[in-house]
Structure formats: structure tokens, C-alpha cells
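Structure, as C-alpha cells:
Excluded from the calculations below are hydrogen atoms, water molecules and symmetry mates; all remaining heavy atoms, backbone and side chain alike, are included. One-based numbering along the sequence shown.
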Amino acid sequence: MAALVYFRKIAEDADVVVYSFGEDASEMTRQLIVDKRNRRSRSDDGSVDHSFLKASRKINSMYDEARSLPERGMSAS
């Protein structure tokens with residue numbers, strides 16, 4: 001069974017980047033906040049589940065490749 005998670009940047013300031021994310025590209029109802037200084041992520045609802053971890057890891061992986069936080073993306077496994 002495939003696991004998908006989509007994410008899209010919705011806000012950014014000097015300290016954080018906020019992404020919406022979810023398992024359906026048309027219904028990304030949760031938010032993931034990335035601290036720009038240390039690239040640590042937290043969820044707006046406090047839930048650290050599989051979808052949150054997949055999105056967070058993919059965002060950090062894309063940062064490692066491009067040296068900037070992505071505008072959008074997805075992870076599939």
C-alpha cells in the first residue's frame with residue numbers, strides 16, 4: 001500500500017516557514033511549521049504521526065539538495 005503526503009508553503013517570515021500538508025493534495029488541512037534556524041518541525045495540532053514525519057523529512061531532504069526550503073512537494077513510499 002502506498003503512503004502519500006503533499007505539502008505547500010503558505011507563509012514565511014524571518015524565523016519560520018509554514019506549510020499546509022495532508023494525504024490528499026486537494027485537502028491539506030494540517031500545518032507544519034519549520035524553524036529556519038535549526039530546521040526543526042512541529043505540527044500546529046501537536047500530532048506527530050506518519051504523515052507529519054513524511055512531510056518533515058521530505059522538506060528537509062529537499063532543503064539538503066537545493067539549500068532552500070521548497071515551495072511545494074510530495075513524498076511517496
Side-chain angles (χ1 to χ4, degrees):
M1 185 170 151
L4 297 172
V5 66
Y6 299 87
F7 55 90
R8 181 182 79 242
K9 187 188 294 186
I10 58 172
E12 181 173 8
D13 65 23
D15 300 318
V16 299
V17 176
V18 180
Y19 291 92
S20 61
F21 75 100
E23 296 175 359
D24 185 328
S26 64
E27 292 187 31
M28 295 186 282
T29 58
R30 296 179 63 199
Q31 291 185 355
L32 182 152
I33 300 100
V34 179
D35 184 311
K36 287 179 161 183
R37 289 174 289 132
N38 58 23
R39 289 190 356 223
R40 290 192 181 183
S41 301
R42 60 185 166 86
S43 65
D44 65 329
D45 61 7
S47 179
V48 178
D49 60 5
H50 186 70
S51 293
F52 168 80
L53 291 173
K54 283 187 70 59
S56 178
R57 289 177 181 152
K58 183 64 173 187
I59 289 166
N60 277 313
S61 171
M62 292 174 75
Y63 177 89
D64 288 340
E65 291 176 13
R67 288 309 205 211
S68 64
L69 290 165
E71 292 294 320
R72 67 184 57 212
M74 63 93 63
S75 179
S77 60

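Nearest heavy atom pair, residue Glu23 against residue Tyr6, reads O-CE1, 3.6 Å. Considering every non-hydrogen atom in both Asp44 and Ile33, the closest pair reads N-CD1, 3.9 Å. The two residues Asn38 and Arg40 make their nearest non-hydrogen contact at OD1-N, 2.9 Å. The minimum heavy-atom distance linking Val5 with Ser51 is given by the pair CG2-O, 3.7 Å.
Linking Ile, Leu, Val, Met, Phe, Trp and Tyr whenever their side-chain heavy atoms come within less than 4.5 Å puts Val48 and Ile59 in one cluster. A single hydrophobic cluster is not seen to contain both Leu69 and Met28; linkage of ILVMFWY side chains at heavy-atom distances under 4.5 Å, directly or through other members, places them apart.
A 4.5 Å side-chain heavy-atom check between Ser77 and Lys54 finds at least one atom pair inside the cut-off. In this structure, Leu32 and Phe7 have side chains that are not in contact, with every pair of non-hydrogen atoms separated by 4.5 Å or more.
Heavy atoms from other residues, nucleotides or ligands lying under 6.0 Å from CD of Gln31 number more than 12. Atom CZ of Arg57 sits in a sparse spot, with 12 or fewer heavy atoms from other residues, nucleotides or ligands closer than 6.0 Å.
Remark: Ser43 pairs with Arg30, Asp45, Phe52 by the side-chain contact (heavy atoms from CB on, under 4.5 Å) rule, at least two apart or across chains.
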Under 3.5 Å, which donor-acceptor pairs link side chains of residues 8-18 to any protein atom two or more places apart or in another chain?
unit_1, atom_1, unit_2, atom_2, d
Lys9, NZ, Glu12, OE1, 3.0
Lys9, NZ, Glu71, OE2, 3.1
Glu12, OE2, Lys36, NZ, 2.7
Asp13, OD1, Asp15, N, 2.7
Asp13, OD1, Val16, N, 2.9

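Side chain of Tyr19 to backbone of Val34: no donor-acceptor contact under 3.5 angstrom is found.
Put simply, CZ on Arg42 and CG on Asp35 are 8.0 Å apart, with the number rounded to the nearest 0.5 Å. Here CZ of Arg72 is found 9.0 Å from OG of Ser20. Values are rounded to the nearest 0.5 Å.
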